[in-house]
Amino acid sequence: MALTGLDIFKLLPKTNCKKCGMPTCLAFAMQLAQKKAKLEDCPCVSDEATETLAAAAEPPMRSVKFGTGDSEVQLGQETVMFRHEEKFYSPTIIAVTLSDKLAGDDLKKRIDDINSLKFERIGLHIQANAVAIINESGSDDSFANAAAAVNDSSDLAIILCSDSPSAMAAAVAKTAAAVPLIASASADNADDMAKIAKENNCPIVAKADSIEALAELTEKIKAQGVNDIVLNLDGKALQELLFSLSQLRVLSLKKVFRPLGFPTMSFVTDTDTDAQVTSATSLICKYSGIVVIDTTDHAAVLTMLTVIMNVYSDPQKPIQVDPKVYAIGEPNENSPVIFTTNFSLTYYTVESDVESSRVPAYIIVVDTEGTSVLTAYSGDKLNEKVVADAIAKYGVEDMVKHRKLIIPGYVAVMSGKLEEATGWEILVGPRESSMLPKYLQEVWK
Amino acid sequence: MPIPDLAESFVGAVNKVTLGATKEQGGTRTSTITVGGAKNVVYAGSPGDAGEKPVIAMDVLDVKPEDWPDILAEPYGDVLDNPAQWAKKCIDEFGADLICLKFEGIHPDTQDKDAEHAENVTKQILEAVGVPLILWGCGNNEKDNLVMPKVSEAAKGENCLVGTVEEDNYKALTAIALADGHHLITAAPLDINIAKQVNILTSDMGFPLEKIVTFQSTGALGYGIEYAYSIQERQRLAALSGDKMMAMPMICDVGFEAWRAKEAKTVDAPEWGAAQDRGPIWEATTAVCLLQAGADIIRMRHPRAVKAVKNFINQIWK
């Protein structure tokens with residue numbers, strides 16, 4: 001929890017020596033509280049004060065990273081309970097299981113299936129980010145071999161799941177450079193597992209069947225010098241798991257209860273694909289930092305990734321596309337010209353409807369700071385000048401021979417002024433983008 | 001290790017709303033449905049604070065749907081041009097909790113059907129099924145104001161949920177719903193201030209707040225769901241803080257929105273997985289996502305999606 005200026009003042013030498021550049025220690029404390037000064041500026045500060053202030057500056061939920069390079073993933077550091085308060089910080093990581101019972105072609109196929117879970121949506125790349133290798137075989141060698149195989153033929157981050165310290169040590173030996181997440185330490189093996197994590201500089205999962213037991217376990221792991229911890233509530237049915245995850249979120253963010261100030265990982269245990277999607281959806285929305293799934297069904301995973309994309313989007317800043325002219329299909333000098341705004345949802349809806357019309361067309365995307373047609377128009381971010389400027393700037397007059405511009409039906413009222421400003425004939429298109437195919441096929445002709 | 005106490009008490013709660021009137025209550029429904037009643041945010045406090053189980057209203061259209069993708073139409077077989085059979089199938093085979101009769105066919109841009117048609121369909125469905133009904137206009141204000149009062153009258157005493165009323169068009173339907181003993185849906189275009197304003201306007205006409213269900217507008221997964229999601233979360237928080245004008249249960253229109261999504265309806269896109277799975281999964285996920293934000297009644301279309309969402313609901317609300 002953030003300290004007040006007075007809290008900080010109590011920790012300072014109170015000598016008013018002015019070496020920090022401030023007239024008094026109190027003034028310096030106030031500057032510190034507002035993060036306008038650094039503690040290092042005080043040459044006389046005690047070790048105790050340094051420690052206390054550093055601890056207070058820690059985020060309520062720790063940031064944990066695993067994987068390396070492009071495959072590095074990050075979770076934690078969340079600050080709020082609801083996305084309208086502030087953007088959720090770390091998009092949920094989707095991890096897909098891989099049993100170490102698989103070998104040969106089966107193993108290779110599973111890795112390929114997991115690697116293929118990559119998609120493009122509204123111009124963004126989304127994908128499953130991690131492989132959770134499960135020590136189902138009970139054999140140290142099989143586990144280590146599966147881990148090595150994943151490390152060789154996948155660029156995804158690795159989660160090693162075993163309750164056996166010897167299996168874990170064997171698998172970490174083959175993958176340490178890839179910084180796997182060690183899953184898991186439980187009350188029985190915490191010291192051994194923490195030792196492996198410490199020696200290899202890997203983060204670790206703490207696994208227990210209650211919130212109380214988890215809090216004790218993390219203290220035990222921290223005592224071993226491992227601070228990058230992920231929490232896993234084990235063996236809970238979905239209802240209890242979701243209620244517990246909400247409690248954990250409140251404990252870390254609102255109560256700043258340090259033993260539980262860590263992100264979480266949950267396993268989806270349903271066998272049915274539809275149930276995996278619905279369970280994963282609730283875990284994504286309600287505070288699981290990593291969701292481990294079993295399915296590699298593309299429809300299922302695309303759907304989960306879209307949930308993450310939506311729930312973790314910035315509520316203050318809409319996703320935008322670059323304002324410019326987009327060619328859909330292979331338009332020529334006689335093709336229709338449509339304009340819309342650069343709010344990504346608006347643009348991609350229009351793009352998809354133009355695409356499905358099979359009429360090649362140009363879409364002029366005007367810069368409305370990422371707002372939709374009606375919002376932009378009522379905020380004067382969309383007016384005849386903005387559109388005329390875009391036509392000139394992007395050289396639309398050189399792209400087509402005709403001078404006809406299709407405008408969104410909702411801003412039909414712009415027609416007159418727009419015609420004056422551009423010299424183009426204005427055609428009022430449909431209000432709903434979904435009517436565009438019909439419009440382009442029937443009216444444009 | 002002792003864990004800090006999280007007990008948090010709110011002054012408000014979501015209203016409980018009971019739809020449908022049985023014979024004893026002056027209607028002909030064989031069962032009623034109660035929604036709402038949550039006393040905390042989703043998954044906070046104890047499961048007992050989660051209120052009544054959310055319910056699924058399956059859509060029945062008054063005319064045969066023209067633009068339904070094959071994958072959506074297929075499970076209905078040959079009942080799509082027979083609203084009564086259609087409704088019966090939703091209840092008997094697909095496990096719907098109630099029926100939402102959507103008057104698509106009265107819209108001037110579709111078939112411009114008249115009030116008599118709408119009354120007839122309403123009566124047929126009341127006869128075919130015993131569950132409570134939602135009666136939902138076509139969205140064209142003029143036409144709805146002509147037809148929906150007749151529909152309301154045709155279902156008088158059945159304690160249906162009728163809608164929708166909006167900021168600039170609420171008087172006609174509010175008055176008749178009040179007279180005919182129905183509940184009312186107040187709608188707003190993803191704007192929490194307008195949502196509250198419509199509730200104030202209808203309550204100024206004497207419509208009881210505890211007989212209102214709000215519709216904040218729904219965005220499908222991938223198509224603006226986050227706006228609906230956050231407004232619903234904010235409505236729940238407002239209800240808990242004691243704002244009587246925002247303490248209503250919420251309804252979402254998931255079926256219609258989800259099946260407009262490119263991912264749901266595009267057949268030829270193997271990189272997105274099999275088409276027959278994609279649509280139902282997209283619809284189910286849209287619904288489950290909105291349940292995380294406190295939805296109480298969900299309008300749905302594909303039976304497989306309904307099954308998946310019911311399965312989810314049954315795990316959480318026991």
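Chain identifiers are assigned alphabetically (A, B, ...) following the order of the sequence lines, protein sequences preceding nucleic acid strands; residue numbering begins at 1 within each chain. These values consider heavy atoms only, across backbone and side chains, with no hydrogens, waters or symmetry-generated copies.
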* Structure fact -> All heavy atoms of Cys289(B) vs all of Val307(A), minimum pair found to be SG-CG1, 4.0 Å
* Asked: For Glu166(B), what residues pass the salt bridge (charged side-chain N to carboxylate O under 4.0 Å, His left out) criterion, not counting sequence neighbours?
  -> none
* Asked: Which atoms of Pro315(A) come close to chain B, meaning under 4.5 Å heavy atom to heavy atom: side chain ones, backbone ones, both, or neither?
  -> neither
* **Atom group of Phe82(A) that falls short of 4.5 Å from chain B, counting heavy atoms** => both
* Structure fact -> From the list Val277(A), Val311(A), Leu245(A), Leu251(A), the residue making the most non-hydrogen contacts under 4.5 Å with chain B is Leu251(A)
* Asked: When you look at CG of Asn141(B), are more than 12 heavy atoms from neighbouring residues, nucleotides or ligands closer to it than 6.0 Å?
  -> yes
Could you pull out every donor-acceptor pair under 3.5 Å between chain B and chain A?
unit_1: Met1(B); atom_1: N; unit_2: Glu216(A); atom_2: OE2; d: 2.4
unit_1: Gly222(B); atom_1: N; unit_2: Asn310(A); atom_2: OD1; d: 2.6
unit_1: Gly222(B); atom_1: O; unit_2: Arg121(A); atom_2: NH2; d: 3.2
unit_1: Glu226(B); atom_1: O; unit_2: Arg83(A); atom_2: NH1; d: 3.1
unit_1: Ser230(B); atom_1: OG; unit_2: Arg83(A); atom_2: NH1; d: 2.6
unit_1: Glu233(B); atom_1: OE2; unit_2: Lys286(A); atom_2: NZ; d: 3.2
unit_1: Glu263(B); atom_1: OE2; unit_2: Arg121(A); atom_2: NE; d: 2.7
unit_1: Glu263(B); atom_1: OE2; unit_2: Arg121(A); atom_2: NH2; d: 3.1
unit_1: Glu271(B); atom_1: O; unit_2: His298(A); atom_2: ND1; d: 3.0
unit_1: Trp272(B); atom_1: O; unit_2: Ala299(A); atom_2: N; d: 3.2
unit_1: Arg304(B); atom_1: NE; unit_2: Asp274(A); atom_2: OD2; d: 2.7
unit_1: Arg304(B); atom_1: NH2; unit_2: Asp274(A); atom_2: OD1; d: 2.9
unit_1: Ile316(B); atom_1: O; unit_2: Gln239(A); atom_2: NE2; d: 2.8

* To do: Return the set of residues passing side chain to side chain contact (heavy atoms under 4.5 Å, CB included) with Asp59(B) (not counting sequence neighbours), or none when no residue passes.
  => Cys100(B), Asp253(B), Arg299(B), Arg301(B)
* **Point-to-point distance, once rounded to the nearest 0.5 Å, from CG of Leu6(B) to CZ of Phe257(A)** => 10.0 Å
* How many angstroms lie between atom SG of Cys285(A) and atom CD1 of Ile225(B), to the nearest 0.5 angstrom? -> 7.5 Å
* Structure fact -> For Val55(B), the side chain to side chain contact (heavy atoms under 4.5 Å, CB included) test, sequence neighbours excluded, returns Ile33(B), Val35(B), Asp97(B), Leu98(B), Ile297(B)
* Is it the side chain or the backbone of Ile211(A) that comes within 4.5 Å of chain B heavy atoms, both, or neither? -> both
* Asked: What do you reckon, is CE of Met435(A) surrounded by more than 12 foreign heavy atoms closer than 6.0 Å?
  -> no
* To do: Mind ranking Ala274(B), Pro47(B), Ala50(B) by heavy-atom pairs under 4.5 Å with chain A and telling me who comes out on top?
  => Pro47(B)
* Below 4.5 Å from any heavy atom of chain A, which atoms of Leu237(B) appear? Answer side chain, backbone, both or neither. => side chain
* Structure fact -> Bottom line for Pro2(B): the part with an atom under 4.5 Å from chain A's heavy atoms is backbone
* Structure fact -> Looking only at Val288(B), Val309(B), Val41(B), most heavy-atom pairs under 4.5 Å shared with chain A are made by Val288(B)
* To do: Measure Ala44(B) against the heavy atoms of chain A and call it side chain, backbone, both or neither at under 4.5 Å.
  => backbone
* Asked: Which residue out of Leu242(A), Leu238(A), Ile122(A), Leu302(A) racks up the most heavy-atom pairs below 4.5 Å with chain B?
  -> Leu242(A)
